[in-house]
Amino acid sequence: MSRNLDVGMAQMGPTARHATRGEVVKRMMELLHEAAERKVELLVYPELALTTFFPRWHIEDEEEMLSFFEEEMPSEATQPLFDEAARLGIGFCLGYAEVLTDDEGVTHRYNTQILVERDGSQVARFRKIHIPGHADNQEWRPFQHLERYYFESGPGGFGVWRAFGGIVGMAICNDRRWSETYRVMGLQGAELILIGYNTPYFYAADPQQNALQNFHNHVVMQAGAYQNGCWVVGVAKAGTEEGVENIAQSVIVAPSGQIVCQTITDGDELAVARIDLDFCRFYKENVFNFDLYRVPEHYRIISETRGAILPPEPE
Ligand code: ING
C-alpha cells in the first residue's frame with residue numbers, strides 16, 4: 001500500500017529590499033510552471049517568500065514597515081498565483097508577513113504560512129511560534145535580526161490537517177530548531193511537516209556557530225522527522241540578499257531521517273521527490289510507537305535546575 005505524493009521544493013534566491021510583489025510573484029509563477037511540467041502536487045515556498053527578509057533592518061517608519069506585510073491572502077498581487085495553481089491542480093504553502101486587526105480592534109503582526117490544496121481551497125494558516133532574534137535595534141550587529149520587533153508569537157499552536165491524502169502540519173524557520181515543534185505535531189499523527197526558512201550564515205551571538213549552520217539546519221529536521229516518523233520538507237530563501245549570506249540546502253527528509261532530496265544552488269531552484277506517506281508507518285508502528293513506548297506520566301521535571309545554564313553548586 002502506498003500513498004504517493006509528488007512534492008516540489010520551490011527554493012528562492014535573494015529578493016531585494018525594493019523588489020515589487022509583482023516581480024517576486026513572477027519568479028514564484030516560473031517555479032510553479034516548472035513544477036507543473038514535473039507533475040508536482042504540492043509545492044513548498046520559503047518563509048516570508050514575498051519580500052526580502054526585512055527583519056535585518058530596524059524600520060521605524062510605520063508605512064514603510066507595513067509595506068512588507070499583507071493585510072489579506074490572497075492579496076491582489078498573489079491572486080494570480082493562487083488562480084494558476086488551482087488551474088494546474090497544484091497545492092502549495094507560502095510564507096508571508098501578516099498584519100490583522102482582531103475583533104477587539106487590536107492590530108497583530110505574525111510571521112505566517114498558508115497551506116492551499118490542489119483545488120485552490122485554503123487548508124490552514126500557521127503563525128510562527130518561536131520568534132528568534134531581538135526586539136531592539138542593536139548597533140553592534142553587522143545586521144539586525146529584529147523578528148521580535150516585528151512579530152508576535154502565533155497563539156494557535158502547532159496544528160495538523162487532513163490534506164494531500166495525509167496528515168499535514170506546518171512550522172516556520174526557528175520553529176524547526178525546537179524538538180517540541182515536531183513532537184506536538186507527531187502526537188497529532190503528523191505524516192508531513194512543511195517548513196520555510198531564512199537563515200543567515202553569520203550568527204552574531206556566537207559566530208563559532210557560523211560554520212555549523214548547514215549542519216544545524218539538517219540535523220534538527222532529520223531528528224524531528226525520525227523521532228516522529230514523519231516526512232519533513234525544509235525550503236530556503238537562499239543566497240546573498242542585501243549583503244547577508246543565507247544558507248540554501250533545502251531538503252526533503254524521510255521518516256527514517258534520511259535526506260532524499262536536496263537543492264544544489266543558492267538561487268531560485270525547484271527540486272522534486274515522490275514521497276510515500278505510508279512509509280511513516282515503519283516508524284510510527286515500531287520504534288516510535290508512542291502509545292506503546294512513551295511514558296508521559298514519568299516525564300516529570302523533578303529537579304530545581306531549569307534551562308540550559310545550570311546555576312553554580314551551592315557553597
Ligand atoms: N532565522 C534563523 C533560524 O532560526 C537563527 C534565526 C539562525 C536562529 C541561526 C539561531 C541560529 O533559522 C529565522 N528566520 O528564524
Side-chain angles (χ1 to χ4, degrees), residues 9 11-15 17 44-59 65 68-69 93-98 109-114 126-138 140-154 158 170-182 193-225 232-251 253 262-263 266 307-309:
M9 296 190 286
Q11 175 181 289
M12 295 177 71
T15 296
R17 178 168 183 160
V44 182
Y45 290 108
E47 171 194 31
L48 296 177
L50 297 173
T51 65
T52 195
F53 187 77
F54 60 88
R56 67 169 67 90
W57 299 295
H58 189 246
I59 301 169
M65 187 254 281
F68 292 101
F69 284 77
C93 76
L94 161 63
Y96 65 97
E98 176 187 28
R109 299 194 303 262
Y110 297 113
N111 188 335
T112 301
Q113 195 166 289
I114 188 170
F126 167 74
R127 295 172 174 105
K128 185 175 183 177
I129 289 175
H130 298 94
I131 306 296
H134 45 98
D136 60 321
N137 194 41
Q138 296 181 359
W140 63 272
R141 293 172 179 268
F143 55 88
Q144 304 299 304
H145 197 109
L146 282 158
E147 288 194 66
R148 300 183 70 83
Y149 168 68
Y150 290 108
F151 303 121
E152 293 173 49
S153 172
F158 289 110
M170 290 187 275
I172 298 176
C173 206
N174 196 258
D175 288 326
R176 77 190 187 287
R177 298 181 188 274
W178 299 87
S179 60
E180 294 91 341
T181 297
Y182 306 91
I193 295 174
L194 309 175
I195 303 172
Y197 60 86
N198 288 247
T199 302
Y201 277 100
F202 186 76
Y203 184 59
D206 180 18
Q208 68 186 335
Q209 296 182 31
N210 296 358
L212 297 170
Q213 290 302 345
N214 282 318
F215 165 67
H216 287 157
N217 179 43
H218 288 168
V219 74
V220 291
M221 291 192 279
Q222 289 179 269
V232 173
V233 181
V235 179
K237 166 90 86 51
T240 301
E241 183 177 272
E242 297 288 348
V244 174
E245 288 181 273
N246 295 289
I247 66 171
Q249 300 199 356
S250 306
V251 284
V253 184
Q262 183 169 324
T263 55
D266 63 359
I309 300 171

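Quick caveat, the model's predicted, so the values are computed rather than measured. Whatever order the structure lists ligands and atoms in, that order sets their numbers, starting from 1.
In terms of protein heavy atoms, atom 6 (C) of ligand 1 is closest to His145 CE1, 3.6 Å. Here the protein heavy atom with the shortest distance to atom 7 (C) of ligand 1 is Arg177 NH2, 3.5 Å. Considering only non-hydrogen protein atoms, atom 14 (N) of ligand 1 sits nearest to Glu147 OE2, 2.8 Å. Nearest protein heavy-atom contact of atom 12 (O) of ligand 1 is Thr199 OG1, 2.7 Å. Scanning the protein heavy atoms around atom 13 (C) of ligand 1, the nearest turns out to be Cys173 SG, 2.8 Å. With hydrogens left out, the protein atom closest to atom 8 (C) of ligand 1 is Asn174 ND2, 3.4 Å, a heavy atom. Among all non-hydrogen protein atoms, the one lying nearest atom 2 (C) of ligand 1 is Asn198 O, 3.7 Å.
Of all atoms in ligand 1, numbered sequentially from 1 with element shown, those under 4.0 Å from a heavy atom of Phe53 are 14 (N). Using a 4.0 Å cut-off to heavy atoms of Arg176, the atoms of ligand 1 that qualify are 3 (C), 12 (O).
A donor and an acceptor atom, one from each side chain of Gln249 and Asn217, are nowhere located under 3.5 Å apart. Of the N and O atoms on the side chains of Arg56 and Thr52, at least one donor lies less than 3.5 Å from an acceptor on the other residue. There is a side-chain donor-acceptor pair under 3.5 Å between Gln138 and Arg141. A donor-acceptor pair shorter than 3.5 Å can be found between the side chains of Glu47 and Asn198. Side-chain polar atoms of Gln11 and Thr263 form a donor-acceptor pair below 3.5 angstrom. Arg176 and His130 form no side-chain donor-acceptor contact under 3.5 Å, judged by distance and modelled atom types alone.
Considering both main-chain and side-chain atoms, Glu47 comes within under 3.5 Å of ligand 1 through a nitrogen or oxygen pair. In terms of polar-atom proximity, defined here as any N/O pair under 3.5 Å, Lys128 does make such a contact with ligand 1.
One N or O on the side chain of Lys237 and one on the backbone of Thr51 form a donor-acceptor pair closer than 3.5 Å.
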